[in-house]
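To keep things clear, I will list the structure first and then write my remarks on it.
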Amino acid sequence: MGLFSFTQEIAMDLGTANTIIITNGKIVVDEPSVVALDRRTDKMIAVGEKAKMMHEKTHENIRTIRPLRDGVIADFYACEQMMRGLIKRVNTRNHLFSPSLRMVIGVPSGSTEVELRAVRDSAEHAGGRDVYLIFEPMAAAIGIGIDVEVPEGNMIVDIGGGSTEIAVISLGGIVSNNSIRIAGDDLTADIQEYMSRQHNVKISERMAERIKINVGAALTELGEDAPEDYIVHGPNRITALPMEVPVCYQEVAHCLEKSISKIETAILSALEKTPPELYADIVHNGIYLAGGGALLRGLDKRLTDKINIPFHIAEDPLHAVAKGTGVALKNVDRFSFLMR
């Protein structure tokens, strides 16, 4: 392999919140999708976890950017720099020539031609020679372990950082899908707004995310699984004096209500467009939840009660798309649904 390995295969889940890279069936990079650039030279200072530590703590010469918004590339240059930085982490060995890359990248199923082109261009600029794209719900289904090529309906709800992908899959294709731009980032923004309105305390995006992770819930009654209150420190919005506010999960469930009902409506509208035969399969198999949003406490129970179809959380929801992309990479020639 050493000096003359000309082609390297990489599977990438390019997410709004995290980017995961798999090579040889192993997750080698799992970092936040953040890049820090020098304002004067536009050179990359840090990428991934290091850049996230700088986020919202920078001075005027450094800017931290999240290149993806709502599941699509918002800053082309920053995205290319981030991809280069993360791909470098994979190539730690010394090669005489830098290997040409064969890449499979997960993209939202609601992407327009322009958005797909942007992902492809970024990947090619970052060193990809053969770039294949796969729709994220399809990758999530493969990652969960569903045989996507059989004539049977399966429904996937992939709640990421920037978009929620809902798709019905059968015979290796997407039969009906719904992609909405309401996901983890919106839940974080809801919490930020609620804390400001209800408790008069000013909190950062990162603090709102910590609240979501520690006491985020989709139900106001969790019984034994209820998390302990989370203490939030921040300045009072009016007096700027320090405040300490305990936040309980019921409050958070209350403030996320609106966004979660939008996700429910989107799931129902995808089911509405599903042919009856496939609908019967879905009722029988249940609906699978993937993505970081699937970890929200009580979400599966809430959706099951509302829609009357059992919801199952994938075994490793955060990595389902990445794992599926990895499987697709191994079978590029076999899977017809990969886009060149």
Side-chain angles (χ1 to χ4, degrees), residues 13 70-72 104-116 132-160 162-183 218 259-291 293-294 296 299-315 317 320-321 323-325 327-328 331-340:
D13 170 15
D70 301 336
V72 297
V104 176
I105 302 178
V107 289
S109 60
S111 300
T112 60
E113 280 300 316
V114 176
E115 288 160 358
L116 296 176
Y132 296 87
L133 304 178
I134 180 172
F135 285 133
E136 277 164 9
M138 184 65 90
I142 298 170
I144 290 168
I146 296 169
D147 185 353
V148 291
E149 293 179 296
V150 293
E152 183 180 44
N154 281 295
M155 189 172 196
I156 307 289
V157 178
D158 174 23
I159 307 171
S163 64
T164 295
E165 307 282 321
I166 302 151
V168 175
I169 289 169
S170 171
L171 288 169
I174 292 176
V175 181
S176 74
N177 75 319
N178 202 349
S179 178
I180 58 166
R181 302 278 156 103
I182 290 195
S259 295
I260 294 172
S261 358
K262 285 183 186 159
I263 293 174
E264 281 173 359
T265 313
I267 295 173
L268 285 166
S269 103
L271 281 167
E272 234 170 75
K273 294 183 271 184
T274 306
E277 270 301 306
L278 293 175
Y279 193 101
D281 289 341
I282 292 167
V283 173
H284 178 254
N285 294 336
I287 297 174
Y288 296 91
L289 285 172
L296 195 66
L299 182 65
D300 51 337
K301 186 175 183 322
R302 174 179 168 151
L303 291 170
T304 303
D305 293 349
K306 169 90 184 202
I307 296 173
N308 283 341
I309 298 175
F311 276 76
H312 314 293
I313 297 176
E315 205 173 292
V321 173
K323 283 180 178 162
T325 317
V327 174
N331 303 293
V332 164
D333 306 326
R334 201 186 97 212
F335 286 156
S336 55
F337 46 77
L338 284 172
M339 299 173 292
R340 262 314 276 273

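Numbers here simply count residues along the sequence, with the first being 1.
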Problem - Side-chain touch Phe335/Ile134, heavy atoms, less than 4.5 angstrom - result: no
Practice task
Enter the distance from Glu264:CD to Leu299:CG here, rounded to the nearest 0.5 Å.
Solution key: 8.5 Å
Handout entry: Stepwise side chain to side chain contact (heavy atoms under 4.5 Å, CB included) check, Ile260 with Leu296
Key = CA-CA 10 Å; Ile260 294 172; Leu296 195 66; 3.7 Å; yes
Exercise for the section: List for me each residue that meets side-chain contact (heavy atoms from CB on, under 4.5 Å) alongside Val175, sequence neighbours excluded, and say none if there are none. Expected result: Val168, Ser170, Pro275, Leu278
Practice task
For the pair Phe135 and Asp158, evaluate side chain to side chain contact (heavy atoms under 4.5 Å, CB included) and give the outcome as yes or no after the intermediate values.
Solution key: CA-CA 11 Å; Phe135 285 133; Asp158 174 23; over 6 Å; no
Exercise for the section: Quick one: which residue pairs count as a salt bridge (charged side-chain N to carboxylate O under 4.0 Å, His left out) with a foot in residues 105-115, not counting sequence neighbours? Expected result: Glu115-Arg181
Exercise for the section: Return yes if some donor-acceptor pair links the side-chain N/O of Thr164 with the main-chain N/O of Ile180 below 3.5 Å, else return no. Expected result: no
Exercise for the section: Might you work through the side chain to side chain contact (heavy atoms under 4.5 Å, CB included) test for Asp13 and Glu136, ending with a clear yes or no? Expected result: CA-CA 8 Å; Asp13 170 15; Glu136 277 164 9; 4.1 Å; yes
Fill in the blank from the handout: Residues Ala183 and Ser163: closest non-hydrogen pair is CB-N, 3.5 Å
Exercise for the section: Mind checking the CD1-CD1 spacing from Ile166 to Ile263? Nearest 0.5 Å is all I need. Expected result: 7.5 Å
Fill in the blank from the handout: When every non-hydrogen atom of Val321 is compared with those of Ala140, the smallest separation belongs to CG2-CB, 3.8 Å
Practice task
Enumerate the residue pairs fulfilling salt bridge (charged side-chain N to carboxylate O under 4.0 Å, His left out) with a member in residues 146-156, sequence neighbours excluded, ordered by first and then second residue.
Solution key: Glu149-Arg334
Problem - Flag, side chain of Asn285 to backbone of Gly153, donor-acceptor distance under 3.5 Å - result: yes
Practice task
Enter the distance from Thr265:OG1 to Lys306:NZ here, rounded to the nearest 0.5 Å.
Solution key: 6.5 Å
Exercise for the section: Any chance you could measure Leu268, atom CG, to Ile307, atom CD1, to the nearest 0.5 Å? Expected result: 4.5 Å
Exercise for the section: Please report the closest heavy-atom contact between Phe311 and Leu289, naming both atoms and the distance. Expected result: CD2-CG, 3.9 Å
Practice task
Looking only at non-hydrogen atoms, find the nearest pair between Gly110 and Asn177 and report the distance.
Solution key: N-ND2, 4.4 Å
Practice task
Would you name the heavy atoms of Pro137 and Glu165 that are closest together and state the gap between them?
Solution key: CG-CB, 3.7 Å
Problem - Test side chain to side chain contact (heavy atoms under 4.5 Å, CB included) applied to Val157 and Leu303, step by step - result: CA-CA 11 Å; Val157 178; Leu303 291 170; 5.8 Å; no
Practice task
Find out whether Ser176 and Met155 are in side-chain contact, i.e. whether some heavy atom of one side chain is under 4.5 Å from a heavy atom of the other.
Solution key: no
Problem - Shortest non-hydrogen separation from Asn178 to Ala266 and the atoms involved - result: ND2-O, 3.1 Å
Handout entry: Euclidean distance, Lys273 NZ relative to Tyr279 OH, rounded to 0.5 Å
Key = 14.0 Å
Fill in the blank from the handout: Interatomic distance, CG@Leu133 vs CG@Leu116, rounded to 0.5 Å, equals 6.0 Å
